[in-house]
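As a basis for the values below, the full set of heavy atoms in this structure was taken, side chains included, without hydrogen atoms, waters or symmetry mates.
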Amino acid sequence: MDKQNELGFFFQFIQGELKEISKEEEKQVMIEKAINLKSMCDYVVSCSYGDIVLIICMLHDYVKMLDEIRSDIQWEVYYREKFIKMADRLSEQIEYDYDAALEKCKKKLEQKESASDVGEEAIALAIKQGIGKKRGNNE
């Protein structure tokens with residue numbers, strides 16, 4: 001998959017996920033015990049389910065993209081693991097399975113591509129049969 005198609009797939013994947021959870025969007029996810037260390041105040045942060053799913057997808061996609069362009073120790077040992085753990089922790093808390101959603105999206109995309117191929121073949125066959133009938137009527 002080239003870069004352009006890969007980026008398009010990621011956007012389709014995120015759009016598909018957001019469409020499926022649009023019903024859930026009104027639900028709020030509470031993030032408790034967010035502590036500001038400077039003021040020593042704790043906060044409860046409210047975010048929609050859809051926003052959390054989008055953050056999870058973006059973290060996974062960001063890691064995949066950076067894996068392709070970075071290979072330094074700092075990335076591989078520290079930041080990569082931090083982003084993956086953050087995405088996994090959020091996924092676990094809202095019971096969202098990124099890998100399953102990604103596979104589901106890939107299957108839909110494959111079905112869509114194979115269906116479009118069949119459609120093109122059907123149109124070509126119909127035209128061919130129409131031309132054959134037309135020739136048969138003219139003779």
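With rounding to the nearest 0.5 angstrom, the CG atom of Leu59 is 10.0 Å from the CZ atom of Arg89. Rounding to the nearest 0.5 Å places CD1 of Ile56 at 11.0 Å from CD of Glu92. Note: Arg80 CZ to Leu66 CG = 10.0 Å, rounded to the nearest 0.5 Å. Interatomic distance, CG of Leu102 versus NZ of Lys107, reported as 11.5 Å (0.5 Å rounding).
Side-chain N/O atoms of Ser91 and Asp88 include no donor and acceptor closer than 3.5 Å. For Tyr78 and Asp72, the side-chain atoms include no donor-acceptor pair closer than 3.5 Å.
Relative ring orientation between Trp75 and Phe83 is described as tilted, the plane-to-plane angle lying within the 30° to 60° band.
Side-chain contact between Val53 and Leu90 is absent, with no heavy atoms from C-beta onward closer than 4.5 Å. A 4.5 Å side-chain heavy-atom check between Tyr98 and Asp61 finds at least one atom pair inside the cut-off. Looking at heavy atoms from C-beta onward, His60 lies in side-chain contact with Ile84 at the 4.5 angstrom threshold.
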*Full working for side chain to side chain contact (heavy atoms under 4.5 Å, CB included) between Cys57 and Tyr62*: CA-CA 8 Å; Cys57 292; Tyr62 185 66; over 6 Å; no

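One finds no salt bridge joining Lys106 and Glu110 here, because no Lys/Arg side-chain nitrogen approaches an Asp/Glu carboxylate oxygen to under 4.0 Å.
Every residue was checked against the side chain to side chain donor-acceptor pair (under 3.5 Å) condition with Glu103, not counting sequence neighbours, and none meets it.
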